[in-house]
Colleague: 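Here it is: the structure, laid out below.
Every value quoted in this text rests on a predicted model; they were computed, and no experiment measured them. Lettering of chains follows the sequences in order, A, B, ..., and the numbering in each one begins at 1.
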Protein chains: 2
Amino acid sequence: MAGMSDEPARASAITDLMHAGRETSRLSTVFRYAIADRLGLTVSDLECLDFLADAGSATAGQIAERANVTTGAVTSMLRRLQQAGWVTAERDPADRRRVIVTLRPERAAELERPYERFAHRAAQLVEGYSVAEIRLLARHFERMRAMYLAELTGLRDGGPTRRSPSR
Amino acid sequence: MAGMSDEPARASAITDLMHAGRETSRLSTVFRYAIADRLGLTVSDLECLDFLADAGSATAGQIAERANVTTGAVTSMLRRLQQAGWVTAERDPADRRRVIVTLRPERAAELERPYERFAHRAAQLVEGYSVAEIRLLARHFERMRAMYLAELTGLRDGGPTRRSPSR
DNA sequence: GAGATTATCTTAGTCATTAAGATAATCGCA
DNA sequence: TGCGATTATCTTAATGACTAAGATAATCTC
């Protein structure tokens with residue numbers, strides 16, 4: 001096999017991969033909308049809660065950056081989420097300008113529930129794969145994750161036209 | 001190797017995969033937000049335009065369903081998109097209740113532009129993979145796509161609590 | 001052709017978000 | 001030490017996308 005030209009096959013496989021990848025990304029966004037709606041949250045709220053579930057706790061500023069909203073939006077978001085009992089927020093004793101936000105641990109499971117069916121099906125999907133294949137997929141997703149993070153900061157900083165002229 | 005118990009390794013690989021997969025999905029949503037923002041569009045607008053880029057043209061009702069918004073929202077969305085020169089909209093001569101919306105072909109490339117850097121990096125990522133590996137990834141994404149579609153219709157139909165009580 | 005259905009549009013009101021600037025705490029440096 | 005600069009969050013006013021409910025208008029059905 002080595003040295004044999006498989007360029008056409010390779011190119012077509014890459015095209016397939018790109019198309020399926022983008023469509024999956026698109027659908028995952030719509031799916032996330034639906035999940036947030038189901039939980040009575042905005043997408044930004046869900047973003048925040050998922051981030052907290054992963055990170056444990058974070059400052060208001062970190063949440064703003066991560067959810068891609070202004071700090072003003074985070075202020076009202078936190079009021080919302082505190083009122084609904086999702087998070088606690090208190091000033092950092094070490095630096096009293098900061099607000100440390102923590103996901104209430106007893107609510108974390110509730111956040112997972114809409115994903116349960118999905119996770120179950122995803123596990124079934126993987127059943128037929130070898131360990132090596134699973135590792136390949138995990139590595140790939142990890143690289144994509146890094147790419148998204150890099151591109152996001154790139155879009156934020158490098159963007160000359162951030163908004164339509166009317167805003 | 002065959003018959004050897006690799007269950008612990010397998011389980012940990014699956015955990016890694018699930019984690020990276022979910023994080024990637026989350027980031028891709030934030031990325032889509034950023035792309036829409038960069039184009040001066042809402043996420044619904046982008047959803048609509050991407051749908052049109054794929055489908056060629058569609059009725060207002062089909063767009064509403066696809067973008068998960070009411071027909072009233074589509075009306076103002078179309079005014080927006082027409083004004084910005086993204087689409088044309090005209091009544092269907094065969095059924096004058098319908099409005100047929102078409103993406104202006106000369107604007108389609110513009111829709112791709114914010115993805116270019118991303119696509120370029122994604123291509124680099126894949127350079128080191130064998131054709132078999134690329135095919136594995138493409139197959140996996142295709143299966144995920146199918147899963148998302150199935151779960152989405154499930155969420156839409158089976159959902160008892162669609163909104164928070166205050167709305 | 002009358003009533004039911006379908007597709008889109010209108011209207012009024014809601015709410016998350018932004019921009020700009022206020023407030024308050026911490027840092028850096030003379 | 002103390003003062004100006006920086007950093008983190010909050011406030012305010014305004015914007016605009018969205019929804020629900022119902023209006024309008026075209027098409028089906030019998």
Colleague: Apart from A:Y33 itself, what residues make up its hydrophobic cluster when side-chain heavy atoms of I, L, V, M, F, W and Y under 4.5 Å apart count as a link, directly or indirectly?
Modeller: A:V43, B:Y33, B:V43
Colleague: Within residues 78-96 of chain A, find the residues that approach DNA chain D with a heavy atom at under 4.0 Å, and present them sorted by residue number.
Modeller: A:R91
Colleague: Which residue lies toward the 5' end of DNA chain C, A:V43 or B:V74, if each is placed at its nearest nucleotide?
Modeller: B:V74
Colleague: Please enumerate all residues that pass ring pair (Phe, Tyr, Trp, His ring centres under 6.0 Å) together with B:F51, with sequence neighbours excluded.
Modeller: none
Colleague: Test of understanding: with side-chain contact (heavy atoms from CB on, under 4.5 Å), list the residues that count as partners of A:S130, not counting sequence neighbours.
Modeller: A:A132, A:E133
Colleague: Please determine if a side-chain N or O atom of A:S44 lies less than 4.0 Å away from the OP1 or OP2 oxygen of C:dT17.
Modeller: yes
Colleague: With a 4.0 Å cut-off on heavy atoms, is A:G61 in touch with a base, just the backbone sugar-phosphate, or nothing at all?
Modeller: sugar-phosphate
Colleague: Kindly say if B:T70 contacts the phosphate of D:dT19, meaning a side-chain N or O under 4.0 Å from OP1 or OP2.
Modeller: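 Checking D:dT19 against B:T70, a side-chain N or O does come within under 4.0 Å of OP1 or OP2.
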Colleague: Of the candidate nucleotides C:dT18, C:dT8, D:dT19, which contains the atom at the shortest distance from the side chain of A:A73?
Modeller: C:dT18
Colleague: Mind checking side chain to side chain donor-acceptor pair (under 3.5 Å) for A:R10 and listing every partner two or more places apart, or none if nothing turns up?
Modeller: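 Scan of A:R10 (side chain to side chain donor-acceptor pair (under 3.5 Å), adjacent residues dropped) gives none.
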Colleague: I'd like to check A:R32 versus A:D50 (side-chain heavy atoms, cut-off strictly below 4.5 Å). Are they in contact?
Modeller: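 With C-beta onward as the side chain, the pair touches.
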Colleague: Would you say D:dT9 has OP1 or OP2 under 4.0 Å from some side-chain N or O of A:T71?
Modeller: no
Colleague: Quickly work out the A:D45 CG to C:dC15 P distance and round it to whole Å.
Modeller: 14 Å
Colleague: Hey, what bend do you get for the helix from C:dG1-D:dC30 to C:dA30-D:dT1 if you fit axes on five pairs at each end, rounded to 10°?
Modeller: 30°
Colleague: What are the residues of residues 47-60 of chain B, sorted by number, that bring a heavy atom to within less than 4.0 Å of DNA chain C?
Modeller: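 Result for residues 47-60 of chain B: B:T59, B:A60, sorted by number.
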Colleague: Can you check whether A:C48 reaches A:L81 side chain to side chain, under 4.5 Å on heavy atoms?
Modeller: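 Yes - at least one pair of side-chain heavy atoms lies under 4.5 Å apart.
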Colleague: Under the rule for side chain to side chain donor-acceptor pair (under 3.5 Å), what residues qualify as partners of A:D16, not counting sequence neighbours?
Modeller: none
Colleague: Residues two or more places apart in sequence or in another chain: which of them pass side chain to side chain donor-acceptor pair (under 3.5 Å) with A:T75?
Modeller: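 If we apply the side chain to side chain donor-acceptor pair (under 3.5 Å) test to A:T75, skipping adjacent residues, there are no hits.
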Colleague: Under the side chain to side chain donor-acceptor pair (under 3.5 Å) test, which residues partner B:R121, sequence neighbours left out?
Modeller: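 Partners of B:R121 under the side chain to side chain donor-acceptor pair (under 3.5 Å) test: A:E151.
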Colleague: Give every residue pair that meets the ring pair (Phe, Tyr, Trp, His ring centres under 6.0 Å) criterion with at least one member in residues 120-149 of chain A, sequence neighbours excluded.
Modeller: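 Matches after skipping sequence neighbours: A:Y129-B:H140, A:H140-B:Y129, A:F141-B:F141, A:Y148-B:F31, A:Y148-B:F118.
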Colleague: State, with a plain yes or no, whether a side-chain heavy atom of A:R80 is found less than 4.5 Å away from one of A:W86.
Modeller: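 A side-chain contact is absent here, since even the closest heavy-atom pair is not under 4.5 Å.
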Colleague: Would you list the protein and nucleotides 4-6 of chain C atom pairs, both N or O, that sit under 3.5 Å from each other?
Modeller:
unit_1	atom_1	unit_2	atom_2	d
C:dT6	O4'	B:R97	NH1	3.4
C:dT6	O2	B:R97	NH1	2.8

Colleague: Can A:R139 and A:E142 be counted as an ion pair, charged N to O under 4.0 angstrom?
Modeller: no
Colleague: Please work out if A:T42 contacts a base, only the sugar-phosphate, or nothing of the nucleic acid, heavy-atom cut-off 4.0 Å.
Modeller: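 If one applies the 4.0 Å heavy-atom cut-off, A:T42 turns out to touch the sugar-phosphate alone, with no base involved.
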Colleague: Any salt bridge linking B:E110 with B:R107? Criterion: basic side-chain nitrogen under 4.0 Å from a carboxylate oxygen.
Modeller: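 Looking at B:R107 together with B:E110, the answer is yes, because their closest N to O distance falls below 4.0 Å.
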Colleague: Please report, rounded to the nearest Å, how far the C1' atom of C:dA16 is from the CG atom of B:D37.
Modeller: 15 Å
Colleague: Rounded to the nearest 0.5 Å, what separation is found between the OG atom of B:S44 and the CZ atom of B:R66?
Modeller: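 Result: 13.5 Å between the selected atoms.
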